[in-house]
Amino acid sequence: MIERIPCKTEGCGATILPTTAAKTGGFCMPCHQEQERQKRQAYIEQHRRTVDLYEDLTGRVDILKIMHEPRRYDPLIQYVPYPLSKEQVYVSITAEEAGQMLRYAVELLDAGNEDGAEQILLSLVCYRNDDISGVLPKLIERDMYHSSILFKDVPPEIRNRLLQQVKWDDDNRNHLLLILSWIGDAEVVRQFEEWRLNPPKWAEQLFVNPDMYALEGGWELASNGERRELISNLCYAIRATDEQQDCTGETPDAHFLKTSNSNCPWCERKLTVFIDADTTHPSLAYLGLSIERLQVASCEQCGCFNTIYMELDHQGVPIWSQYNEKPDYLPGLDDEDSSAAAASAKLSLASEPQSPYFAASWALTQLDSQIGGHPSWVQDAEYPLCPCCATRMRFIGQLDWADFDQYGEGIFYMFICTEDRLTATLYQQS
Ligand SMILES: [Zn+2]
Ligand SMILES: [Zn+2]
Ligand SMILES: [Zn+2]
């Protein structure tokens, strides 16, 4: 038997082989690795440089270009962040500066940097709702159909070409149908209706009927063959606020994430009122609700596992719906409670609207929480059917847990059927 020797670290009870001791200077492997880690850390702290890439820049176009540059992680460099986020800069630039960014995207495209170009184009389209149709032929040339939202404003001749292409282009059909849903004009609606009445042969290869793609563009093909809107184009951001700013004394238009008095019948935790907003606020007025405030409640825990419906009484108080169906699996009461973090977040509604496409591309880096606008689908578009009247429910807003909770993730989407005064929440995460 080989004799084992104790690790030299005081209090460490491990014993090691002499060969290990020879390599590590008498320490066990975990202790040795910890020492090495500390040495590395000390070296990094001693040699780390602070780099401010924005130091000498005043032009916002130059600042955006730097923001778009891929940055290799280097532990020895600490980058000074710019005081504004990328999307804040995009919103603040002039039309002329946006034009410069568009030309820069074309330069990148011509140089073969498709990803870089695509990020800029997406930013211009989503954050600013800019018209980039002049660049689309270049994307088509390169078969760049992946970011379907970029094509939403294509001129009719390109739309016609895409409507033909979807019939023969097996490789790109999925993206082309998504593009058509974003275009969603009368010609597309007519074509979707024709495909619904006479399903084409190629539709057999799809997971859903072609007309179901409309959901990705925020509308559905109604049974009468017309386009029915599922979203509102008036979009207001929901953002974290400092408590100081919130002491104005007047009743705010909207509260978020209030703990409800009622309990979830499934897990017995308190329900959460995700939003409680004045129904005359521009972001909700289009719904024509006869109640003063719209409250959307759900269970933060069980809502991650199933759609949760709430019925609004004549005063707008949400009541657990009889239509809720308990899923087979729910986490136990002892499982970690996520609601504590969310409840501490202080959120308020932006005073000015933003682009309805602001958060439509989930893969970009913006904050997603908002009332109105297009949802940031993490997975496929999913508008629940009203359990009462079977009509597809309309999107009223979303809360992205990552926006206000460092460890949070996943988005709660909120919907309503105004006829039955029934709300729904559903949850998606990556
Ligand atoms: Zn040890
Ligand atoms: Zn629950
Ligand atoms: Zn209904």
Side-chain angles (χ1 to χ4, degrees), residues 4-39 220 222-223 228-230 257-274 287-291 294 296-313 318-340 342-343 383-396 401 410 412 414-427:
R4 293 180 72 94
I5 41 182
C7 166
K8 273 164 76 179
T9 306
E10 209 174 311
C12 174
T15 59
I16 50 174
L17 294 171
T19 47
T20 308
K23 265 188 281 186
T24 63
F27 296 95
C28 74
M29 233 24 192
C31 288
H32 177 65
Q33 280 161 354
E34 175 58 19
Q35 285 171 354
E36 290 298 304
R37 196 193 63 78
Q38 282 176 11
K39 265 190 246 168
E220 70 168 345
S223 49
R228 178 171 174 264
E229 300 303 328
L230 295 172
L257 296 172
K258 277 196 319 194
T259 304
S260 160
N261 294 325
S262 358
N263 292 67
C264 168
W266 293 342
C267 73
E268 288 160 26
R269 288 184 179 83
K270 288 270 185 242
L271 293 174
T272 304
V273 181
F274 285 1
L287 292 170
L289 291 167
S290 57
I291 43 178
L294 172 63
V296 180
S298 188
C299 174
E300 281 182 45
Q301 202 74 28
C302 305
C304 297
F305 295 86
N306 214 8
T307 305
I308 289 185
Y309 303 101
M310 300 294 285
E311 292 167 26
L312 303 176
D313 73 5
I319 295 155
W320 186 264
S321 170
Q322 52 177 341
Y323 291 108
N324 285 322
E325 280 178 53
K326 192 171 180 174
D328 293 335
Y329 171 78
L330 282 174
L333 254 181
D334 308 332
D335 290 342
E336 173 205 9
D337 192 343
S338 63
S339 60
Y383 292 82
L385 296 174
C386 170
C388 221
C389 67
T391 308
R392 213 170 280 284
M393 298 174 83
R394 283 186 287 172
F395 175 72
I396 44 180
W401 254 239
F412 269 104
M414 298 172 275
F415 307 87
I416 191 165
C417 170
T418 49
E419 295 300 308
D420 296 304
R421 280 230 296 253
L422 199 117
T423 65
T425 62
L426 66 83
Y427 175 83

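Counting starts at 1 for both ligands and their atoms, following the listed order. Worth knowing before you read on, the calculation uses all heavy atoms, side chains too, and leaves out hydrogens, waters and symmetry mates.
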(request) Would you name the N/O/S atom of Asp420 that lies closest to the Zn ion (ligand 3)? (result) OD2
(request) May I ask you to check whether Trp266 and Tyr329 place their ring centres under 6.0 Å from each other? (result) no
(request) Decide if the gap between the ring center of Tyr309 and the ring center of Tyr323 is smaller than 6.0 angstrom. (result) no
(request) Classify the ring geometry between Tyr383 and Phe415 as parallel (under 30°), tilted (30 to 60°) or perpendicular (over 60°). (result) perpendicular
(message) Report whether any nitrogen, oxygen or sulfur of Cys388 sits less than 2.8 Å from the Zn ion (ligand 3) (N, O or S, backbone or side chain).
(response) no
(message) Nearest 0.5 angstrom please: Ser262 OG to Trp320 CH2, how far?
(response) 10.5 Å
(request) Report, rounded to 10°, the angle at the Zn ion (ligand 1) between the two atoms SG (Cys12) and SG (Cys7). (result) 110°
(request) State whether Glu419 contributes an N/O/S atom found under 2.8 Å from the Zn ion (ligand 3). (result) no
(message) Need one value: angle at the Zn ion (ligand 3), Cys417 atom SG versus Cys389 atom SG, rounded to 10 degrees.
(response) 110°
(message) Pair Ser290, Arg421 - check side chain to side chain donor-acceptor pair (under 3.5 Å), show working.
(response) CA-CA 10 Å; Ser290 57; Arg421 280 230 296 253; 3.2 Å; yes
(request) Just to the nearest 10 degrees, tell me the angle at the Zn ion (ligand 2) spanned by Cys299 SG and Cys267 SG. (result) 100°
